[in-house]
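Notes follow once the structure below has been shown.
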Amino acid sequence: MFESAEIGHSISKESYREQVPLLREALLDVQYDLKEKADFPVLILIHGFDGAGRGETMNLINEWLDPRLIDTVAFASANDEARARPWMWRYWQKLPAKGRIGIFFGSYYSDALFDRVYDVIDHDAYDREIFDIMRLERMISQDGALILKFWFHLTKDKQRKRLKELEKDPATRWRVTADDKANMERYDTIRKYGEHMIRLTNTAYAPWIVVDGEDANFRSLTVGQTILKAIRNRISQAGAVVDASEAPPLLAPIDDKVILDTLQLDQQMDKAEYKKRLAELQGRLNSLTRDERFKNHSLVLAFEGNDAAGKGGTIRRITQALDARGYRVVPVAAPTEEERVKPWLWRFWRQVPGKGGITIFDRTWYGRVLVERVEGFAQERDWMRAYYEINDFEHQLSENGAVVLKFWLAISNEEQMARFKLREETGFKRFKITEEDWRNREKWNAYKLAVSDMVDRTSTSKVPWTLVEANNKYYARIKVLSTICAALEARLGA
């Protein structure tokens with residue numbers, strides 16, 4: 001895999017001086033074209049052996065391009081904030097926006113590779129992290145990102161010679177760290193596991209470019225020309241590199257019966273019983289979230305449902321039981337300008353709570369397969385692949401210790417009409433009813449089918465959907481609180 005990078009590539013000084021001005025001009029032109037088109041981001045990952053020119057090349061890219069349109073991030077060890085969340089969280093935070101170039105110096109590949117090199121994880125765990133990476137790269141590629149991954153290569157002898165030269169010169173001695181020396185002694189191990197990683201992740205939508213790092217002129221021109229050609233090619237194309245949905249087709253039941261049809265929406269509960277149960281459950285919830293064991297977990301509550309089904313009232317009964325310092329309620333509406341230029345799940349990843357934290361989503365990432373599907377805001381291939389991407393997102397949260405609970409609050413068509421009219425007739429409730437609510441009623445059956453497909457495809461053993469019969473608001477609130485308490489008790493062993 002590395003053989004072609006070990007045959008001694010080089011570019012003469014004369015040729016280099018001749019080519020660089022033309023390359024720099026072309027790179028700036030294509031960078032401004034990228035900014036103007038602004039329908040995809042570019043993500044450049046810098047990896048490879050110490051001493052192979054990674055840092056120098058990264059600095060050169062910033063020098064040749066307009067740095068105002070580049071987001072360069074050098075990742076070190078994860079801090080406490082990152083360790084309290086799924087391991088991919090900190091990389092989601094730094095993904096570049098459409099029209100911009102992001103450079104990651106070190107990345108999720110460094111985490112996985114060096115955890116394996118230093119025996120922090122075993123082979124199976126290493127492969128699991130590699131497949132986490134592949135899912136991320138496929139996801140953001142399908143969202144339009146152009147991904148270029150550079151591995152700067154040196155043979156063992158050339159690396160040792162390079163590091164000794166740097167250390168010998170007082171002006172460059174500082175660049176050789178203790179970690180560099182330790183990694184040099186593990187050259188064979190890094191090469192072995194690096195080759196395994198590159199082999200598995202060298203995909204059409206996120207290719208690796210292995211660069212001979214010995215000659216500075218060669219590696220600089222190679223990286224510059226590769227970036228130039230890749231962005232030019234993408235600008236000339238329409239759509240993402242990976243734009244086909246691989247989700248299995250949606251098959252309607254031949255009897256037209258869907259999961260929502262099985263709900264008995266008119267459950268009974270009177271006010272006296274409700275008040276008694278509410279006080280008991282709020283006390284349980286408060287105690288569970290103050291339990292010492294909860295500090296090793298987090299709680300993510302996702303609320304969806306028919307318009308006027310009572311999501312807001314249910315959320316208020318939950319937050320009444322919580323310490324205001326320990327939770328956030330995130331109301332989800334149409335994406336902002338900032339959110340539209342990022343991968344679609346970015347705005348939800350950024351709200352993921354750390355250990356001991358609670359985040360309550362009023363509307364969620366399921367908008368992609370509900371309103372965006374029904375209203376035509378997303379193309380079919382995009383909302384079809386979202387089922388897989390949502391399951392992957394929730395799986396990562398759960399694997400990191402989060403208790404993820406999803407609630408669909410369901411009311412009948414008749415009950416919704418009655419609540420809409422009551423809102424219109426009540427002064428302090430009129431703000432709750434909009435023209436959009438009335439328009440959505442006209443697509444009742446389309447939404448019912450979309451919800452049923454959503455449940456079928458995303459209700460997993462680890463993160464199941466809880467369908468809440470909500471014609472009776474008292475019953476709905478108690479069912480939600482009971483479900484939360486039972487799930488926390490099961491996770492904490494309470």
Check: Q159 and M184 side chains under 4.5 Å, non-hydrogen atoms: yes
Side-chain heavy-atom pair W87, E129 within 4.5 angstrom cut-off: yes
Heavy-atom neighbours of K164 NZ exceed 12 at 6.0 Å: no
Close side-chain approach of V403 to L488, heavy-atom, < 4.5 Å: yes
Short N-O contact, R385 and D143, less than 4.0 angstrom: yes
Polar side-chain atom of N183 near backbone of D179 as donor-acceptor pair, under 3.5 Å: yes
Pair H297-N400, side-chain donor/acceptor within less than 3.5 Å: no
Parallel, tilted or perpendicular: rings of Y118 and F114 (30°, 60°): tilted
Residue pair R350 / Q93, side-chain donor-acceptor N/O under 3.5 Å: no
Residues E304 and K406 bridged, charged N to O under 4.0 Å: no
Result of checking I358, I315, I318, L301 against V329 for side chain to side chain contact (heavy atoms under 4.5 Å, CB included): I315
V352 backbone acceptor or donor facing R85 side chain under 3.5 Å: yes
R293 side chain vs L492 backbone, donor-acceptor pair below 3.5 Å: yes
Aromatic ring pairing Y109/H47, orientation class (parallel under 30°, perpendicular over 60°, tilted between): perpendicular
Side-chain touch D453/V455, heavy atoms, less than 4.5 angstrom: no
Heavy-atom closest contact (A112 atom, I133 atom, distance): CB-CD1, 4.4 Å
Lys/Arg cation over aromatic Y387: R457, 6.0 Å, 45° cone: yes
Pair N217-S10, side-chain donor/acceptor within less than 3.5 Å: no
Distance (rounded to the nearest 0.5 Å) between I11 CD1 and L221 CG: 6.0 Å
Partner residues of E185 under the salt bridge (charged side-chain N to carboxylate O under 4.0 Å, His left out) criterion, sequence neighbours left out: R160
Face-on cation placement of R368 at W383 ring, 6.0 Å and 45° thresholds: no
Sidechain N-carboxylate O distance under 4.0 Å for K295, D291: no
Whether H9 side chain and E214 backbone form a donor-acceptor pair below 3.5 Å: no
Any donor-acceptor N or O pair under 3.5 Å, side chains Y108, E137: yes
D382 to A378 - nearest heavy-atom pair and separation: CB-CB, 4.5 Å
Closest contact, heavy atoms only, P41 versus P96: CB-O, 3.5 Å
Neighbour count above 12 (heavy atom, 6.0 Å) for E63 CD: yes
Side-chain donor-acceptor contact under 3.5 Å, W344 with E389: yes
R373 side chain vs G367 backbone, donor-acceptor pair below 3.5 Å: no
Minimum heavy-atom distance R340-K98, with the two atoms named: O-NZ, 3.6 Å
Side-chain heavy-atom pair P86, W349 within 4.5 angstrom cut-off: yes
R347 backbone acceptor or donor facing K342 side chain under 3.5 Å: no
Lys/Arg cation over aromatic F2: R191, 6.0 Å, 45° cone: no
Under-4.0 Å salt bridge between K355 and D80: no
T201 backbone acceptor or donor facing K149 side chain under 3.5 Å: yes
Test item: N62 side-chain N/O and M58 main-chain N/O as donor-acceptor pair under 3.5 Å: yes
Nearest-0.5 Å distance, CD1 of residue I390 to CG of residue L345: 7.0 Å
Parallel, tilted or perpendicular: ring planes of Y187 versus F49, cut at 30 and 60 degrees: parallel
Parallel, tilted or perpendicular: rings of F75 and F104 (30°, 60°): perpendicular
Step-by-step side chain to side chain contact (heavy atoms under 4.5 Å, CB included) determination, Y366 to F303: CA-CA 10 Å; Y366 284 98; F303 283 90; over 6 Å; no
Spacing of L322 atom CG and Y327 atom OH [to the nearest 0.5 Å]: 6.5 Å
Test log, rule side chain to side chain donor-acceptor pair (under 3.5 Å), inputs Y447 and E375: CA-CA 10 Å; Y447 275 103; E375 303 297 338; 2.9 Å; yes
S459 OG to W408 CH2 distance, which is reported to the nearest 0.5 Å: 14.0 Å
Test salt bridge (Lys or Arg N to Asp or Glu O under 4.0 Å) applied to D392 and K462, R138, R135, the passing residue: R135
Atom of L288, atom of F294 and distance for their closest heavy-atom approach: O-CB, 3.7 Å
Between E394 and S398: side-chain donor-acceptor atoms closer than 3.5 Å: no
Side-chain polar contacts of residues 223-233 - donor-acceptor pairs under 3.5 angstrom, sequence neighbours left out - could you list them?
{"unit_1": "T226", "atom_1": "OG1", "unit_2": "T222", "atom_2": "O", "d": "2.6"}
{"unit_1": "N233", "atom_1": "ND2", "unit_2": "K229", "atom_2": "O", "d": "3.2"}

Flag side-chain contact, heavy atom, 4.5 Å: L166 against R173: no
By salt bridge (charged side-chain N to carboxylate O under 4.0 Å, His left out) - contacts of E81 (at least two apart): none
Smallest separation among heavy atoms of I140 and P343, with atom names: CG2-CG, 3.9 Å
D111 side chain to Y91 side chain, donor-acceptor N/O pair below 3.5 angstrom: yes
Aromatic ring pairing F361/W365, orientation class (parallel under 30°, perpendicular over 60°, tilted between): perpendicular
V332 and T364, any side-chain heavy atoms less than 4.5 Å apart: no
K94/D71 salt bridge by N-O under 4.0 Å criterion: no
Side-chain donor/acceptor of Q31 to backbone N/O of D66, under 3.5 Å: yes
Check: K181 and E167 side chains under 4.5 Å, non-hydrogen atoms: yes
Inter-residue atom distance S220.OG - Y16.OH, 0.5 Å rounding: 4.0 Å
Spacing of CD1 belonging to I61 relative to CD1 belonging to I70, to within rounding of 0.5 Å: 7.5 Å
Exam field: side chain T57 to backbone G53, donor-acceptor pair closer than 3.5 Å: yes
